[in-house]
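The structure appears below as structure tokens.
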Amino acid sequence: MNEEIRKENERKKRFLWSYQEAIREVSRLEIRLREVRQMRIIPAFVADGMPHGSGGTGDLSGYAAQLDALERRYLKARYRRIRQLKAVTDRIEALTEQHEKDVLTYRYILDMEWEEISVKMKYSWQHVHRIHASALKNLKM
């Protein structure tokens, strides 16, 4: 029975962390977009000792296609992040205890550390963990 509870809690935590994962995905795509745009602005440097054409008037279709595909992935990831935030916050808000809502929001939505949550709520670290355990137990999936 204890093993079942542990597995269920892990499943709930994965769901709750899914919003932070979506945020990280969007951040990675933003970095890639900046890099691709910057590559077009800064001419490529090829250090192979061979002569190369100059002027930078080459075909832009490959660059445009890469940029377009990346922008589409970025928009889809942003939309997934928004959907995931709604799914997670809807489940958290369905809890009846305000302290449980607070702990889950601070931890999984705002990505706060346990110590920060303890200070913010003016509870001991242990008490915050008890509230967290109770919140996971009461969270409906």
Evaluate the side-chain contact (heavy atoms from CB on, under 4.5 Å) criterion for residues E8 and M141: first the C-alpha distance (whole Å), next the side-chain angles of each, then the deciding distance (0.1 Å), finally the verdict.
CA-CA 10 Å; E8 180 65 14; M141 292 298 289; 4.2 Å; yes

Before you tell me yes or no, could you show the steps for V119 and W114 under side-chain contact (heavy atoms from CB on, under 4.5 Å), namely the whole-Å CA-CA distance, both residues' side-chain angles and the distance that decides it to 0.1 Å?
CA-CA 9 Å; V119 169; W114 292 115; over 6 Å; no

Kindly compute the distance separating [atom1] ([X]) from [atom2] ([Y]), expressed to the nearest 0.5 Å.
X	Y	atom1	atom2	answer
N9	K13	CG	NZ	6.5 Å
I117	L104	CD1	CG	9.0 Å
T105	D111	OG1	CG	13.0 Å
L16	R11	CG	CZ	10.5 Å
H127	S118	NE2	OG	10.0 Å
L136	F15	CG	CZ	12.0 Å

Between [X] and [Y], is any pair of side-chain heavy atoms under 4.5 Å apart?
X	Y	result
Y19	Y108	no
M112	K120	yes
Q66	L70	no

Assess the residue pair E71 and R37 against the criterion (salt bridge (charged side-chain N to carboxylate O under 4.0 Å, His left out)); give the C-alpha distance rounded to whole Å, side-chain angles, the decisive distance to 0.1 Å, and a yes or no.
CA-CA 11 Å; E71 285 175 341; R37 287 178 179 140; 2.7 Å; yes

Quick one: do E21 and R14 make a salt bridge, cutoff under 4.0 Å?
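The answer is no: the pair does not qualify as a salt bridge.
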
May I ask you to decide whether K7 forms a salt bridge with E10, counting only side-chain N to carboxylate O separations under 4.0 Å?
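Salt bridge: no.
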
Under 3.5 Å donor-acceptor, K101 side chain and I92 backbone
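No, because the side chain of K101 does not come within donor-acceptor range (under 3.5 Å) of the backbone of I92.
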
Donor-acceptor pair, distance only, cut-off 3.5 Å: does the side chain of K12 make one with the backbone of L139?
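At least one qualifying donor-acceptor pair exists.
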
Just by distance, with hydrogens left out, do E97 and N138 show a side-chain donor and acceptor under 3.5 Å apart?
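Per modelled atom types, E97 and N138 side chains form no pair under 3.5 Å.
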
Which residues share a side chain to side chain donor-acceptor pair (under 3.5 Å) with E115, sequence neighbours left out
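E115 satisfies side chain to side chain donor-acceptor pair (under 3.5 Å) with no other residue.
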
Cut-off 3.5 Å, no hydrogens considered: what does the side-chain donor-acceptor table look like for residues 26-34, sequence neighbours left out?
residue, atom, partner, partner atom, Å
S27, OG, I23, O, 3.2
E30, OE2, Y74, OH, 2.9

Under the side chain to side chain donor-acceptor pair (under 3.5 Å) rule, what pairs show up with a residue in residues 75-86, not counting sequence neighbours?
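Only S18-Q84, E25-R80, K86-D90 qualify under side chain to side chain donor-acceptor pair (under 3.5 Å).
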
Give me the ring orientation class for H99 and Y123: parallel if the planes are under 30° apart, tilted from 30 to 60°, perpendicular past 60°.
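Perpendicular.
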
Quick check, are the ring centers of H132 and Y106 under 6.0 angstrom apart?
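Ring centroids of H132 and Y106 are no less than 6.0 Å from each other.
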
Does atom CH2 of W125 have more than 12 heavy-atom neighbours, drawn from other residues, nucleotides or ligands, at distances under 6.0 Å?
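No, the 6.0 Å shell around CH2 holds no more than 12 heavy atoms from other groups.
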
